[in-house]
Number of protein chains: 2
Amino acid sequence: MRSDLEPAGQKKPTFIEEARRRQIVETGIQTIASQGFSQASLAEIARKAGISKGVISYHFAGKEALVDEILRSLLRQPAEFIKERVSRHDSALGKLRAYIEANFEFMKTHRDNYVALVDLWGRRGSSGGHSSFNAEAHEPARHYLAHILDAGRERGELRQIPVRTTASVVQAAIDGVMLQWVFDEEAIDLDVSRAEILEMVTRHVMPQATGELR
Amino acid sequence: MRSDLEPAGQKKPTFIEEARRRQIVETGIQTIASQGFSQASLAEIARKAGISKGVISYHFAGKEALVDEILRSLLRQPAEFIKERVSRHDSALGKLRAYIEANFEFMKTHRDNYVALVDLWGRRGSSGGHSSFNAEAHEPARHYLAHILDAGRERGELRQIPVRTTASVVQAAIDGVMLQWVFDEEAIDLDVSRAEILEMVTRHVMPQATGELR
DNA sequence: TCAAGATCTGACCGCATAGTCAAATTTTAG
DNA sequence: CTAAAATTTGACTATGCGGTCAGATCTTGA
């Protein structure tokens, strides 16, 4: 018998347990990306994974729990990649630019992740209320960016920008392009969009260039 | 008996026909916005509208057709509002700024529209393939913005920017903020975000300027 | 080796859904 | 006014879903 309710933290996540969960999550992402969430039934995911439907119920408390795990995976992967890239730089501007570049680089190699993510954006809890998952999901990114900007502003490296708002807008530009690209891959050139955002944002936060303090 | 297949165009959309369709579409939007698409069954929409479920089937070919009409409504309304606002200006910069401002103004007064829209973004056709609806939906906005920018560039009013890409990025920033706002109304101040985007975009497209206001 | 637990199977259940339809009711038009 | 057409009702069907479960199979550890 398995239980999600261990006394304190995880007790013993079996080898098989971990592997199966990973497999099911991964297959779930692929299924959502290729057929849409509405077609991603437990039966279909199980079929694609080559396992019985009961296995999913055995390893996950329910579909809700599986989708939560999928969402966590979709958010964790790019976050880790981006943080690593940002950490290679010291200056605020370098970090900011690396943040934007890493976002686009991850996009290019993980399209399915974002197609699935957009598909899950519309999700709500079973009850009527809003799922706070999405709200909490984008907050860390804003906070992380704001931290970078704030450090640069303190050091006089950047303009006196409203860091929280600027962080929000920078993330918005990235997300917005990603959305258009998910909807129509042909219509958006990620490299060109990345360069444009980099230029625009750099102009926006730099103290001099051609502009000056607000 | 009613038929969607008239010889050429609509023949005679009855009074009741039009009114009922409007009512059902509007109730559908409210239902999706308040309870999520997954809870927006035909039965629930009918209940909220105070009509029998069969009425929906009578006036719409199926749920797919209803959702298509809802999407068209969600896209048409802001588009009309924004175009009117933009048309009041003559300069490219004026039109560009009016475009951004009108987007945010419409958002503030029509939150349900955007909550519903985000909920419908993940939709696909019943078959596996991608719904081209979303792809086609954002294209007109990009085209419209690009037209404004191009005119301004030709006239020397704006920098030599890549108009299509800039249009895409400007729209992206708006959409991205809208998304964050839909997910977490408290976390986003639309007025502040609007001002920030206006400043950033103005700096980006202006030939020189040291960052002044309109 | 072998018992105990972990994992898996496939049939099954209850339920919500989209869609149908004959009959009832309302609106239209001559 | 009245008959035909348009509209509405509510019960009905078929389908697919998430979830359950008894029993089969595999893994582990002493």
Side-chain angles (χ1 to χ4, degrees), chain A residues 1-6 10-25 27-28 31-32 35-70 119-120 123-128, chain B residues 1-6 10-25 27-28 31-32 35-70 119-120 123-128:
Chain A
M1 197 75 79
R2 229 194 113 270
S3 172
D4 276 328
L5 308 171
E6 298 297 353
Q10 69 290 7
K11 201 186 261 179
K12 41 175 184 178
T14 312
F15 202 54
I16 292 178
E17 175 80 12
E18 258 187 283
R20 270 274 186 260
R21 285 178 71 99
R22 259 201 307 273
Q23 178 203 20
I24 293 170
V25 165
T27 308
T31 306
I32 293 171
Q35 300 170 250
F37 180 70
S38 64
Q39 304 300 314
S41 64
L42 295 185
E44 176 60 16
I45 294 172
R47 193 192 63 77
K48 274 203 175 183
I51 58 180
S52 169
K53 193 177 55 159
V55 181
I56 300 179
S57 293
Y58 179 74
H59 290 286
F60 293 91
K63 192 175 190 184
E64 190 102 346
L66 170 58
V67 172
D68 280 357
E69 188 96 356
I70 286 176
D119 219 326
L120 292 177
R123 224 175 44 91
R124 302 285 221 299
S126 306
S127 58
Chain B
M1 197 76 79
R2 228 195 115 268
S3 171
D4 277 329
L5 308 170
E6 298 297 353
Q10 68 292 4
K11 199 185 265 180
K12 43 173 182 176
T14 313
F15 211 48
I16 291 178
E17 176 80 11
E18 258 187 281
R20 270 274 186 258
R21 286 178 70 99
R22 259 201 308 273
Q23 177 201 22
I24 292 169
V25 166
T27 307
T31 306
I32 293 171
Q35 300 170 249
F37 180 70
S38 63
Q39 303 300 314
S41 64
L42 294 184
E44 176 62 16
I45 294 172
R47 192 192 63 78
K48 274 203 175 184
I51 58 179
S52 169
K53 193 177 56 158
V55 181
I56 299 178
S57 294
Y58 179 75
H59 290 285
F60 292 90
K63 192 175 188 183
E64 191 102 346
L66 170 58
V67 172
D68 281 356
E69 188 97 357
I70 286 176
D119 219 326
L120 292 177
R123 225 174 44 90
R124 303 284 219 300
S126 305
S127 58

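Residue numbers begin at 1 in each chain, while the letters A, B, ... track the order of the sequences.
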Rounded to whole Å, please give me the gap between [atom1] in [X] and [atom2] in [N].
X       : N      : atom1 : atom2 : value
A/Ile45 : D/dG16 : CD1   : P     : 17 Å
A/Arg47 : C/dT9  : CZ    : P     : 15 Å
A/Lys63 : D/dG16 : NZ    : C1'   : 11 Å
B/Ile51 : D/dA6  : CD1   : P     : 19 Å
B/Ile56 : D/dT7  : CD1   : P     : 16 Å
B/Arg21 : D/dT7  : CZ    : P     : 11 Å
B/Ile24 : C/dG19 : CD1   : P     : 13 Å
B/Gln23 : D/dT8  : CD    : C1'   : 12 Å

(message) Looking at every heavy atom in both B/Ala40 and B/Ile45, which two are closest together, and how far apart are they?
(response) O-CD1, 4.0 Å
(request) State, to 0.1 Å, how close B/Asp119 and B/Phe37 come at their nearest heavy-atom pair, and which atoms those are. (result) OD2-N, 3.2 Å
So if I take every side-chain heavy atom of [X] and compare against [options], which nucleotide ends up nearest?
X       : options               : result
B/Lys53 : C/dA18, D/dT7, D/dT9  : C/dA18
B/His59 : D/dG19, C/dT17, D/dT8 : D/dT8
B/Glu17 : C/dT7, D/dT7, C/dG19  : D/dT7
B/Ser52 : D/dG10, D/dC17, D/dT8 : D/dG10
A/Val55 : C/dT7, C/dA18, C/dT9  : C/dT9
A/Ser57 : C/dA18, D/dT8, D/dG19 : D/dG19

(message) Under 4.0 Å between a side-chain nitrogen and a carboxylate oxygen: does that hold for B/Arg47 and B/Glu44?
(response) yes
(request) Check whether any side-chain heavy atom of A/Thr27 sits under 4.5 Å from a side-chain heavy atom of A/Ile51, and report yes or no. (result) no
(message) Quick one: does any side-chain atom of B/Gln23 pair with a main-chain N or O of B/Ala49 as donor and acceptor, under 3.5 Å?
(response) yes
(message) If you assign each of A/Ala43 and B/Gly50 to its closest nucleotide in DNA chain D, which residue comes earlier from the 5' end?
(response) B/Gly50
(request) Could you tell me whether the phosphate oxygens of C/dC8, OP1 or OP2, come under 4.0 Å of any side-chain nitrogen or oxygen in A/Arg20? (result) yes
(message) If you compare every side-chain N and O of B/Tyr58 against the phosphate oxygens of D/dT8 (OP1, OP2), does one of them come in below 4.0 Å?
(response) no
